[in-house]
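In what follows, a single structure is set out as C-alpha cells and then discussed.
Note on naming: letters A, B, ... go to the chains in the order of the sequence lines (proteins, then strands), and numbering restarts at 1 for each one.
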Number of protein chains: 2
Amino acid sequence: MIGCDPMNSRYSRATQQLKKHNIRLSNRRLKVLECLCNKLDHPTADQIFVNLHKEVPSLSKTTIYNTLHTLVEIGLVRTLNIEANKTRYDIITEDHGHFGCQTCGRIFNVNIELESLAKGELSGFNIWERNLYFKGICQKCLLNKNKNREVVY
Amino acid sequence: MIGCDPMNSRYSRATQQLKKHNIRLSNRRLKVLECLCNKLDHPTADQIFVNLHKEVPSLSKTTIYNTLHTLVEIGLVRTLNIEANKTRYDIITEDHGHFGCQTCGRIFNVNIELESLAKGELSGFNIWERNLYFKGICQKCLLNKNKNREVVY
DNA sequence: AATAAAAATGTAATCATTACAATTTTTATT
DNA sequence: AATAAAAATTGTAATGATTACATTTTTATT
Ligand SMILES: [Mn+2]
Ligand SMILES: [Mn+2]
Ligand SMILES: [Zn+2]
Ligand SMILES: [Zn+2]
C-alpha cells in the first residue's frame, strides 16, 4: 500500500493542524491519519489496527487509540456512534449525516445541512455536535436480495 | 415506588402489543416496561437494573436484556447510541431527536420531523430508522456554570 | 399431579476500551 | 557527542457492557 497521496488536501491540512497544536508528526500518528484519509470509510479502531498491521506490525492498539483521541480532541476527526459498542472515526468533520446498511455493514455519507435544525427548541442550549444517522438497507444490497430471490424461486 | 399508572396509555398500548405477539405479560417484563414508561428518561440497561433492584431484588440483568431485546424486536422500544459503549432505551418510538448534555448527562427529547430528510439522496435505499442527536450543554447547566463563575470571582 | 413450553437466573465468556507501568524514541542541553 | 528530560509507544492487566449458555423456576395444558 502506498502512503496517503501527499497532495491529499485533507491529510496535509491535518498535519498543519497537528503542528499548530504542537503535536509531533510521528510516523505512527501519520499512519493512522493516512488510514483515515484513504479509502477506508469510517473505520473502527480495530479496523485501523488490522489495516496498518501488515505495514507496521509493531504498531500497538493503544497507540491507535491514543492517536484517535488526540485527533478527536483537536477536532480533526469525529466519532460516530451508529452501531452499539462500536465507535467509528470520521476524518470528514464537516456537517453531514450517515446511512448504515444493516446488510453489508457499510456506512454511507449523506449530504445534509444540520446546522439549522431544531434552532428554536434548543435555544439557550450550547450545541457542540450534530449527528444524523439512518439505518436500513442500501441500494446495492436491495438489488442483490432481489436477484437472489429470482434465482431461488 | 408505585407501579406504572395503568391509565398510562403508552404502557397499556404496549401490553396489548405484547399480547398480540404472544409474548407473556410476566411480572418481570411488565416491571421493565413500567420502568421505561415512568420518569426515567432513556435509561441504560444498568439504570433499569439499579432502579428495579429495590423492588425486585431477584430480577437479573440477563432478564432485563432479554426483555429489552424483545421489546425492541417488536418495535415497542428503540435503542439510542448517543454515547459510546452505552446503549440507551427509549419507549417513545415516534420520530424525534435527542440532545445529550455533556455536563449533567441528561438526554433531552427534541421535536423534529426526520421523515422528510435526505429523501432525494437516499432514494433507492430502504430506511428503517432515523436518528438525530445533538451534544453540548443544556440550558440549566449553562446557567449553573455562570452562577458558579460569579461566586468564584 | 404430570408434562411440556416458556421465562428467568447465575456464571462465565467476549469484545471494545482504558489504565498504567515499563521501555523506547525524540528533543533539548551541556 | 554525551546526558538528561520530555514525549511517544508498548504490552499487559483491568474495566464495563453485553452475550452465551446451561440450569432452575414458573406457567400453561393435559
Ligand atoms: Mn462520514
Ligand atoms: Mn427520546
Ligand atoms: Zn448494503
Ligand atoms: Zn445539563
Among the candidates dA8(D), dT18(D), dA16(C), find the nucleotide nearest to the side-chain atoms of Lys61(B).
dT18(D)
Taking dA7(C), dA16(C), dA7(D) as options, the one with an atom nearest any side-chain atom of Lys86(A) is dA16(C)
How would you label the contact of [X] with the nucleic acid (heavy atoms, under 4.0 Å): base, sugar-phosphate, or nothing?
| X | answer |
| --- | --- |
| Thr44(A) | nothing |
| Thr63(B) | base |
| Thr62(B) | base |

Is the closest side-chain donor-acceptor distance between Thr15(B) and Ser12(B) under 3.5 Å?
no
Residue pair Asp90(A) / His96(A), side-chain donor-acceptor N/O under 3.5 Å
yes
Could you please name the partner base of dA21(C), counting Watson-Crick and G-U wobble pairs only when both distances are under 3.5 Å?
dT10(D)
Applying a 3.5 Å limit to both distances, which nucleotide forms a Watson-Crick or G-U wobble pair with dT30(C)?
dA1(D)
Is any side-chain nitrogen or oxygen of [X] closer than 4.0 Å to OP1 or OP2 of [N]?
| X | N | value |
| --- | --- | --- |
| Tyr65(B) | dT19(D) | no |
| Arg29(B) | dA7(C) | yes |
| His69(A) | dT17(C) | no |
| Ser26(A) | dT9(D) | yes |
| Thr87(B) | dT18(D) | yes |

Please report, rounded to the nearest Å, how far the [atom2] atom of [N] is from the [atom1] atom of [X].
| X | N | atom1 | atom2 | result |
| --- | --- | --- | --- | --- |
| Asn66(A) | dA7(D) | CG | P | 15 Å |
| Leu25(B) | dA8(C) | CG | P | 11 Å |
| Asn81(B) | dT18(D) | CG | C1' | 13 Å |
| Ile23(A) | dA8(D) | CD1 | P | 8 Å |
| Leu68(B) | dA8(C) | CG | P | 12 Å |
| Asn22(B) | dT27(D) | CG | P | 18 Å |
| Asn85(B) | dT15(D) | CG | C1' | 11 Å |
| Phe49(A) | dC15(C) | CZ | P | 15 Å |

Side-chain contact test, heavy atoms from C-beta onward, threshold under 4.5 Å: evaluate it for Lys135(A) versus Glu83(A) and give yes or no.
no
Whichever of Ser58(B) and Ala84(B) has the more 5' nearest nucleotide on DNA chain C, that residue is Ser58(B)
First encountered from the 5' end of DNA chain C, between Tyr89(A) and Val56(B)
Val56(B)
Under 4.5 Å between side-chain heavy atoms, hopping through other hydrophobics if needed: is there a path connecting Ile107(A) to Val110(A)?
no
Establish, yes or no, whether a centroid distance under 6.0 Å links the rings of Tyr133(B) and Phe99(B).
no
Just do the salt bridge (Lys or Arg N to Asp or Glu O under 4.0 Å) check on Glu94(B) and Arg10(B) with the steps written out, would you?
CA-CA 12 Å; Glu94(B) 292 88 9; Arg10(B) 203 170 290 279; 3.3 Å; yes
